[in-house]
Asker: 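One structure, pasted below without further comment.
Computed from a predicted model, the values in this text were never measured in an experiment. Atoms considered below: every heavy atom in the structure, side chains included; atoms not considered: hydrogens, waters and symmetry mates. Read the numbers this way: they start at 1 and go in the same order the structure lists the ligands and their atoms.
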Amino acid sequence: MKVLGIETSCDECSASVVEDGEKIVSNVIATQIPYHAPWNGVVPEIASRKHTEWIYAVTKEALDKAELDVTDIDAVAVTNRPGLFGSLLVGLSFAKAFAWARDIPFIAVDHMLAHLYAPRLLPVNKEQITNISDQRPEYPFLGLLVSGGHTIICRADNFDDITVLGTTIDDAAGEAFDKVAKFYNFGYPGGAVIDKMARNGDSGAFNFPMPSLHKGDHRYDVSYSGLKNAVINQIDLFKKKKGGHTNEDIAASFQKTAVQILLRALFNAVQDTALTVIVAGGGVAANSFLRFRLAEHDNLRCIFPPLDLCGDNAAMIAGIGYQYLIRGERSSLNVTASARVGGFKKKYP
Ligand code: KG4
Ligand code: ZN
């Protein structure tokens, strides 16, 4: 079954064709980064407008790359939650129109669940991964969903069955990277820029605080506003008397603490659930220091999707969509978008 996936939840306009839930036939990701860079963050109005302008061409390119015609598509899957409402509506309306015009099955999916599905996909370029069976997780596993809008540590028992263990109580992990980069004028998007700068910096140059969120109900929760403010408050001092430190030192010191915050909550979850397989997803899962720190733990099997499947992409939408479709599930063409993370089971045990 060839499923057309559509993803427009934030600033990536993406369309993909995936066969039988795993073989990526094409995956086109058009990024809007240059349009949001002048504002150092995603401007929702620009994002939805660009999606409206691009969605037809992006879908056409996905079909052309797959050497398929619209009549070859068996079903349509689309992200309808969570994300920027206006952006979601563009992809959702387009996908509904496509499915209605062709009279084929249509399914609307949650893109956070789709991030956890990403490692099950076979990339077009298979050289990207060395061993596909190493890459594929068995359920249950722990999920680490870290993006610009969300930070979720969860237990996944199936592609559609997750229990949220912890979340951020304030800023998302990616948001902290983006805001620090914005204040220091490092560039946009902040995560990728800081990751790169940090490679040439001294992570011990500044000692930024960890949040004191380690007890009781907050064992798996994270907080980034304290770290973000500490780093931002450092800026005047930093500019006045550099003390031999560089921008790269700030980036490396911030990144070290940001990753440490995630790992503390994640390792609490590992300890309490005895699950040792971790699947990471979302833009921050591209972070090289996070990958390096997790790789140090021989007792854990950490699965990261290839870089182009870490951020938002339509292949993971088509892939997870197929799983619902083969169970006979369909969405109504009346389904609407939702900006919020859906009603997952809360907390563990
Ligand atoms: O999942 P994603 O593409 O979009 C959503 O937010 O849904 O994630 C984007 C986020 C941004 O905050 C970006 O700064 C961050 O992922 N990011 C990174 C890296 N690459 C992207 N954060 C840390 N290290 C990276 N290498
Ligand atoms: Zn995402």
Asker: Please determine whether side-chain contact (heavy atoms from CB on, under 4.5 Å) holds for the pair F141 and R155, giving the CA-CA distance in whole Å, both sets of side-chain angles, and the decisive distance to 0.1 Å.
Answerer: CA-CA 6 Å; F141 57 73; R155 176 193 165 103; over 6 Å; no
Asker: Once you restrict to heavy atoms under 4.0 Å, what part of D195 touches ligand 1? Side chain, backbone, both or neither.
Answerer: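 Side chain only.
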Asker: Do any of the N/O/S atoms of H150, backbone or side chain, fall under 2.8 Å from the Zn ion (ligand 2)?
Answerer: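 No, outside the cut-off.
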Asker: Is it the case that ligand 1 has an N or O less than 3.5 angstrom from some N or O of S288?
Answerer: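 No; every N/O pair is 3.5 Å or more apart.
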Asker: Below 30° counts as parallel, above 60° as perpendicular, anything between as tilted: where do the rings of F208 and F206 land?
Answerer: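 Answer is parallel, since the angle falls under 30°.
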Asker: Do the rings of F94 and Y56 sit parallel, tilted or perpendicular, given the 30° and 60° boundaries?
Answerer: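 The rings of F94 and Y56 stand perpendicular, inter-plane angle above 60°.
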Asker: Can you pull out the closest protein heavy atom to atom 18 (C) of ligand 1? Residue, atom name and distance to 0.1 Å, please.
Answerer: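 Scanning the protein heavy atoms, the shortest distance from atom 18 (C) of ligand 1 goes to G191 CA, 3.4 Å.
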Asker: Nearest protein heavy atom to atom 6 (O) of ligand 1, by residue and atom, and its distance?
Answerer: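 Going atom by atom, the protein heavy atom closest to atom 6 (O) of ligand 1 ends up being G148 N, 2.8 Å.
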Asker: Could you identify the single nearest non-hydrogen protein atom to atom 4 (O) of ligand 1 and state the distance to 0.1 Å?
Answerer: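 Scanning the protein heavy atoms, the shortest distance from atom 4 (O) of ligand 1 goes to D312 OD2, 3.1 Å.
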Asker: With side chains defined as the heavy atoms from C-beta onward, is the minimum distance between N80 and V109 less than 4.5 Å?
Answerer: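 Side chain of N80 against side chain of V109, heavy atoms only: no contact under 4.5 Å found.
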Asker: Should you measure from each heavy atom of G149, which atoms of ligand 1 turn up under 4.0 Å away?
Answerer: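 Result: 6 (O).
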Asker: Give yes if a backbone or side-chain nitrogen or oxygen of C310 is under 3.5 Å from a nitrogen or oxygen of ligand 1, and no if not.
Answerer: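 No, since none of the N or O atoms of C310 sits under 3.5 Å from an N or O of ligand 1.
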Asker: If you take all heavy atoms of I303 and R136, which pair is closest and at what distance?
Answerer: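 Closest approach of I303 to R136, heavy atoms only: CD1-C, 4.2 Å.
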Asker: Which atom names give the shortest non-hydrogen contact between V164 and C154, and what distance separates them?
Answerer: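 The pair with the smallest heavy-atom distance is CA-CB, 4.1 Å.
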Asker: Between E53 and R49, does at least one N-O distance fall below 4.0 Å, as a salt bridge requires?
Answerer: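 The answer is no: the pair does not qualify as a salt bridge.
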Asker: Considering only heavy atoms of S147, which atoms of ligand 1 have at least one such atom less than 4.0 Å away?
Answerer: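 What qualifies from ligand 1 is 1 (O), 5 (C), 6 (O), 7 (O), 8 (O).
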Asker: So which bit of N287 gets within less than 4.0 Å of ligand 1, heavy atoms only: side chain, backbone, both or neither?
Answerer: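 Contact part for N287 vs ligand 1: both backbone and side chain.
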Asker: Identify, by atom number and element, the atoms of ligand 1 in contact range of G174, meaning under 4.0 Å from any of its heavy atoms.
Answerer: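 Every atom of ligand 1 under 4.0 Å from some heavy atom of G174: 12 (O).
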Asker: Around atom 14 (O) of ligand 1, find the nearest protein heavy atom and jot down its residue, atom name and distance.
Answerer: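 Ranking protein heavy atoms by distance from atom 14 (O) of ligand 1, first comes D178 OD1, 2.6 Å.
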Asker: Verify side-chain contact (heavy atoms from CB on, under 4.5 Å) between V231 and Y184, making sure each step is shown before the conclusion.
Answerer: CA-CA 9 Å; V231 179; Y184 279 84; 3.8 Å; yes
Asker: To the nearest 0.5 Å, tell me how far E22 CD sits from L121 CG.
Answerer: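 If we round to the nearest 0.5 Å, E22:CD and L121:CG are 8.5 Å apart.
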Asker: Ignoring angles and geometry beyond distance, decide whether G283 reaches within less than 3.5 Å of ligand 1 through its nitrogen or oxygen atoms.
Answerer: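 Between G283 and ligand 1, an N or O pair is found under 3.5 Å apart.
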Asker: Among the N/O/S atoms of D312, which is closest to the Zn ion (ligand 2)? Give the atom name.
Answerer: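 In D312, the N, O or S atom with the shortest distance to the Zn ion (ligand 2) is OD1.
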Asker: Heavy-atom contacts with G282 under 4.0 Å: which atoms of ligand 1 show up? List them by number with element.
Answerer: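 Answer, ordered by atom number: 1 (O).
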Asker: When you look at Y324 and Y322, which way does the ring pair (Phe, Tyr, Trp, His ring centres under 6.0 Å) test go after all the steps?
Answerer: CA-CA 5 Å; Y324 289 105; Y322 168 83; over 10 Å; no
Asker: Got an N, O or S from C10 under 2.8 Å of the Zn ion (ligand 2)?
Answerer: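 Given the 2.8 Å cut-off, C10 does not count as a ligand of the Zn ion (ligand 2).
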